[in-house]
Asks: 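Structure provided below as structure tokens; questions to follow.
All heavy atoms count here, side chains included; hydrogens, waters and symmetry mates do not. Quick note: residue numbers are just sequence positions, from 1.
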Amino acid sequence: MVRALVLTGFGINCEEELAAAYRLAGAEAHIYHFNEVLLQQVSIHDYDILNFPGGFSFGDDIASGKVMANKIKYKQLPNGKTLLDEIKVFLQSGKYVLGVCNGFQMLVRLGLLPNIGATFTQQAALSHNDSAKYEDRWVYCKVSANLHTPFLNNMDIFAVPVRHGEGKLIFANDEMRKNIIAQNLNCLTYCLEDGTTATTYPENPNGAELSCAALTDETGHVFGLMPHPEAFLSLYNHPNWGQLKRQNPNLPDEGAGLQIFKNIVAHLNTCKLPNAEMV
């Protein structure tokens, strides 16, 4: 069975929903405090996918995800390595990493996304929303063409909630932006209901460059997004579910966000089959 490790602590508050998403998708999910990993009481290598949930790690002091990212990057583990060192080994073994909202901010600050050239240096940042306020709203997102990450397989346009104050993705320079486009690393964009790219507020809730809602790395094994798919596991999470169901009585009871977790669990199950190749 696919095993998912969901980290919590220091202000993270979406761990239960994230673990529930994996369980509904058919995986085994365990929630552990960051300290249990940093003290090596729990090993990330016992799992298939490592998850950084949303929340407000360290109260978003300094910058969202910055303090936690520094802890991962510089805190020495009992074996003398850092958690970032262990994550690199984890990825080299063909495993996967997911970050949602605050977790996405950590991955960007750690250099795990977009990680062009596999340098593991920070190449982008997440800054304050253009609205200068915390945004808690539902948006539409569109999956980019020619993507190479299994998280978004067989998905196109879907609704999902956002809940953040610092979701404006900014790339380091024009060259970095061109690389993102050329390699289709901008795998999810904010859009209108018909799929047209959202370039203005409120459809683009934060002003992110390229209307970017999510990034993947060049391998497709690291995926991070600002919206919260774990907050849309059931159709009845949607604020307008009644009208949606009346308009389409055959609409599934599953929320669109659950598909992301079903996708990665199905992919990992395939990888676990004898003689299956890692993607």
Asks: Within a strict 4.5 Å, meaning less than it, do heavy atoms of the Cys101 and Arg163 side chains meet?
Replies: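 No, too far: nothing below the 4.5 Å cut-off.
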Asks: Quick one: do Ile116 and Ile170 end up in the same hydrophobic cluster if we chain Ile, Leu, Val, Met, Phe, Trp and Tyr together by side-chain heavy atoms under 4.5 Å apart?
Replies: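 No, Ile116 does not connect to Ile170 through the hydrophobic network.
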Asks: Is it the case that one hydrophobic cluster holds both Tyr140 and Leu225, taking links as side-chain heavy atoms less than 4.5 Å apart, direct or via other members?
Replies: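 Not linked; separate clusters.
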Asks: State whether the side chain of Glu230 and the backbone N or O of Ala20 hold a donor-acceptor pair below 3.5 Å, judged by distance alone.
Replies: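 Answer holds: no.
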Asks: Determine, using the 4.5 Å side-chain heavy-atom cutoff (strictly less than), whether Leu77 and Phe120 are members of one ILVMFWY cluster.
Replies: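 Yes, Leu77 and Phe120 fall within the same hydrophobic cluster.
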Asks: Would you name the heavy atoms of Val160 and Cys141 that are closest together and state the gap between them?
Replies: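 Heavy-atom minimum between the residues: CG1-SG, 3.9 Å.
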Asks: Which value, rounded to the nearest 0.5 Å, describes the distance between Ile87 atom CD1 and Lys73 atom NZ?
Replies: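 So the CD1 of Ile87 and the NZ of Lys73 are separated by 11.5 Å.
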Asks: Is the shortest side-chain heavy-atom distance between Val139 and Glu203 below 4.5 Å?
Replies: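 No - every pair of side-chain heavy atoms lies 4.5 Å or more apart.
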Asks: Return a table of donor-acceptor pairs under 3.5 angstrom between the side chains of residues 49-63 and protein atoms on other chains or two or more places apart.
Replies:
residue	atom	partner	partner atom	Å
Asn51	OD1	Tyr22	OH	2.5
Asn51	ND2	Leu5	O	3.1
Asn51	ND2	Ile49	O	3.3
Ser57	OG	Asn102	OD1	2.8
Asp60	OD2	Ser64	OG	3.3

Asks: Would you sort out whether Asn129 and Tyr201 count as a side-chain hydrogen bond (donor to acceptor under 3.5 Å, both in side chains), showing the intermediate values?
Replies: CA-CA 10 Å; Asn129 300 337; Tyr201 180 85; over 6 Å; no
Asks: Hey, mind stepping through Glu254 and Lys262 against side chain to side chain contact (heavy atoms under 4.5 Å, CB included) and telling me if it holds?
Replies: CA-CA 11 Å; Glu254 289 184 356; Lys262 293 175 74 172; 3.2 Å; yes
Asks: Checking Asp85 against Thr82: is there a side-chain donor and acceptor pair closer than 3.5 Å?
Replies: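 Side-chain D/A pair, Thr82 to Asp85: present.
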Asks: Side chain of Thr189, backbone of Thr197: donor and acceptor closer than 3.5 Å?
Replies: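 Judged by distance alone, no pair lies under 3.5 Å.
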Asks: Contact between Ile72 and Leu110 at the side-chain level, heavy atoms closer than 4.5 Å - yes or no?
Replies: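 Counting from C-beta outward, Ile72 and Leu110 do come under 4.5 Å.
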Asks: Quick one: CZ on Phe261 to CG on Leu18, what's the gap to the nearest 0.5 Å?
Replies: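 CG of Leu18 is found 5.0 Å from CZ of Phe261.
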Asks: Spell out, as yes or no, whether a donor-acceptor pair under 3.5 Å connects the side chain of Asp217 to the backbone of Leu113.
Replies: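 Answer holds: no.
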Asks: Relative to each other, are the rings of Phe10 and Phe34 parallel, tilted or perpendicular (30° and 60° limits)?
Replies: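 The rings of Phe10 and Phe34 sit tilted, inter-plane angle from 30° to 60°.
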Asks: Under the salt bridge (charged side-chain N to carboxylate O under 4.0 Å, His left out) rule, what pairs show up with a residue in residues 102-122, not counting sequence neighbours?
Replies: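 Pairs touching residues 102-122 that pass the test: none.
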Asks: When rounded to the nearest 0.5 angstrom, what distance separates CG in Leu7 from CD1 in Ile31?
Replies: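 Between Leu7 CG and Ile31 CD1, I get 10.0 Å after rounding to 0.5 Å.
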Asks: Would you please name every residue forming a salt bridge (Lys or Arg N to Asp or Glu O under 4.0 Å) with Glu28, sequence neighbours left out?
Replies: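 If we apply the salt bridge (Lys or Arg N to Asp or Glu O under 4.0 Å) test to Glu28, skipping adjacent residues, the hits are Arg3.
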Asks: Should we say atom NE2 of His33 is surrounded by more than 12 heavy atoms from elsewhere, each under 6.0 Å from it?
Replies: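 For His33, atom NE2 is crowded (more than 12 foreign heavy atoms under 6.0 Å).
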Asks: Output all residues satisfying ring pair (Phe, Tyr, Trp, His ring centres under 6.0 Å) with His238, sequence neighbours left out; order by chain, then residue number.
Replies: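 Expected list: Trp138, Phe232.
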Asks: Among the clusters formed by ILVMFWY side chains lying less than 4.5 Å apart, do Leu233 and Leu235 turn up in the same one?
Replies: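 No, no single cluster joins them.
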Asks: Do you know which two heavy atoms are closest between Pro205 and Ser131, and how far apart they sit?
Replies: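 Here Pro205 and Ser131 meet closest at O-OG, 4.5 Å.
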Asks: Are any of the side-chain heavy atoms of Gln105 and Lys66 separated by less than 4.5 Å?
Replies: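 Answer no - side chains too far apart.
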Asks: Does some side-chain heavy atom of His30 sit less than 4.5 Å from a side-chain heavy atom of Asp46?
Replies: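 In short, these two side chains do not touch, never coming nearer than 4.5 Å.
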Asks: Where do His221 and Phe151 come nearest, in terms of heavy atoms and distance?
Replies: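 Taking every non-hydrogen atom into account, O-CE1, 4.4 Å.
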Asks: Say you draw a straight line from SG of Cys212 to CD1 of Ile180; how long is it, rounded to the nearest 0.5 Å?
Replies: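 With rounding to 0.5 Å, SG (Cys212) is 7.5 Å from CD1 (Ile180).
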Asks: Keeping Asn70 on the side-chain end and Val67 on the backbone end, is there a donor-acceptor pair under 3.5 Å?
Replies: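 No.
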Asks: Can you measure from CG (Asn179) to CG (Asn184) and round to the nearest 0.5 angstrom?
Replies: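 Rounded to the nearest 0.5 Å, the CG-CG separation comes out at 12.0 Å.
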Asks: Assess the residue pair Gln259 and Asn263 against the criterion (side chain to side chain contact (heavy atoms under 4.5 Å, CB included)); give the C-alpha distance rounded to whole Å, side-chain angles, the decisive distance to 0.1 Å, and a yes or no.
Replies: CA-CA 6 Å; Gln259 187 62 46; Asn263 282 341; 2.8 Å; yes
Asks: Would Tyr190 and Asn206 satisfy side chain to side chain contact (heavy atoms under 4.5 Å, CB included), going step by step from the backbone distance to the final call?
Replies: CA-CA 10 Å; Tyr190 298 111; Asn206 46 48; 3.1 Å; yes
Asks: My understanding is that only residues two or more places apart in sequence, or in another chain, count here; which of them pass side chain to side chain contact (heavy atoms under 4.5 Å, CB included) with Ile181?
Replies: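 Checked Ile181 against side chain to side chain contact (heavy atoms under 4.5 Å, CB included); matches are Leu210.
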Asks: Considering residues, nucleotides and ligands other than Gln247, do more than 12 of their heavy atoms fall under 6.0 Å from its CD?
Replies: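 Result for CD/Gln247: enclosed.
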Asks: Not counting sequence neighbours, which residues clear side chain to side chain contact (heavy atoms under 4.5 Å, CB included) with His45? List them please.
Replies: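 With sequence neighbours excluded, His45 shows a side chain to side chain contact (heavy atoms under 4.5 Å, CB included) to Ser43, Glu86, Val89, Phe90, given in chain and number order.
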Asks: Determine whether Leu84 and Val37 fall in the same hydrophobic cluster, where Ile, Leu, Val, Met, Phe, Trp and Tyr are linked whenever their side-chain heavy atoms lie under 4.5 Å apart.
Replies: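 Yes.
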Asks: Return the set of residues passing side chain to side chain contact (heavy atoms under 4.5 Å, CB included) with Asp130 (not counting sequence neighbours), or none when no residue passes.
Replies: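 For Asp130 the side chain to side chain contact (heavy atoms under 4.5 Å, CB included) partners, ignoring immediate neighbours, are Lys168.
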Asks: Check side chain to side chain contact (heavy atoms under 4.5 Å, CB included) between Asp194 and all other residues, then give those that pass, not counting sequence neighbours.
Replies: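 Residues passing side chain to side chain contact (heavy atoms under 4.5 Å, CB included) with Asp194: Leu192, Thr196.
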Asks: Can you list every side-chain hydrogen bond (donor to acceptor under 3.5 Å, both in side chains) pair that touches residues 152-162, not counting sequence neighbours?
Replies: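 Checked against side-chain hydrogen bond (donor to acceptor under 3.5 Å, both in side chains) - neighbours excluded - the pairs reaching residues 152-162 are Lys142-Asp156.
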Asks: What are the two closest heavy atoms between Met106 and Ala69, and how far apart are they?
Replies: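 Scanning both residues completely, I find the closest heavy atoms to be O-CB, 4.1 Å.
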Asks: Can you measure from CE (Met176) to CG (Asp174) and round to the nearest 0.5 angstrom?
Replies: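 Reported to 0.5 Å precision, the distance equals 11.0 Å.
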Asks: Which pair of heavy atoms, one from Asn204 and one from Gly207, lies closest together, and at what distance?
Replies: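 Scanning both residues completely, I find the closest heavy atoms to be OD1-N, 2.8 Å.
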Asks: Taking salt bridge (Lys or Arg N to Asp or Glu O under 4.0 Å) as the test, write out the residues that go with Glu209, two or more places apart.
Replies: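 By the salt bridge (Lys or Arg N to Asp or Glu O under 4.0 Å) rule, Glu209 matches Arg177.
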Asks: Only pairs at least two apart or in different chains count here, so list each ring-ring contact (aromatic ring centres under 6.0 Å, His included) that has a residue in residues 153-184.
Replies: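 Listed by first then second residue: nothing to list.
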Asks: May I have all residue pairs that pass salt bridge (charged side-chain N to carboxylate O under 4.0 Å, His left out) and include part of residues 239-253, sequence neighbours excluded?
Replies: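 Every salt bridge (charged side-chain N to carboxylate O under 4.0 Å, His left out) pair that includes a residue of residues 239-253, provided the two are not neighbours, is Lys245-Asp253.
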Asks: Evaluate side chain to side chain contact (heavy atoms under 4.5 Å, CB included) for Leu112 paired with Leu91, printing each intermediate quantity in order.
Replies: CA-CA 10 Å; Leu112 288 168; Leu91 290 169; 4.0 Å; yes
Asks: Closest approach of Leu215 and Leu169, non-hydrogen atoms and distance?
Replies: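 Reported closest heavy-atom pair: CD1-CD2, 3.7 Å.
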Asks: Under 4.5 Å between any side-chain heavy atoms of Leu251 and Trp241, yes or no?
Replies: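 Heavy-atom side-chain distance check fails, nothing below 4.5 Å.
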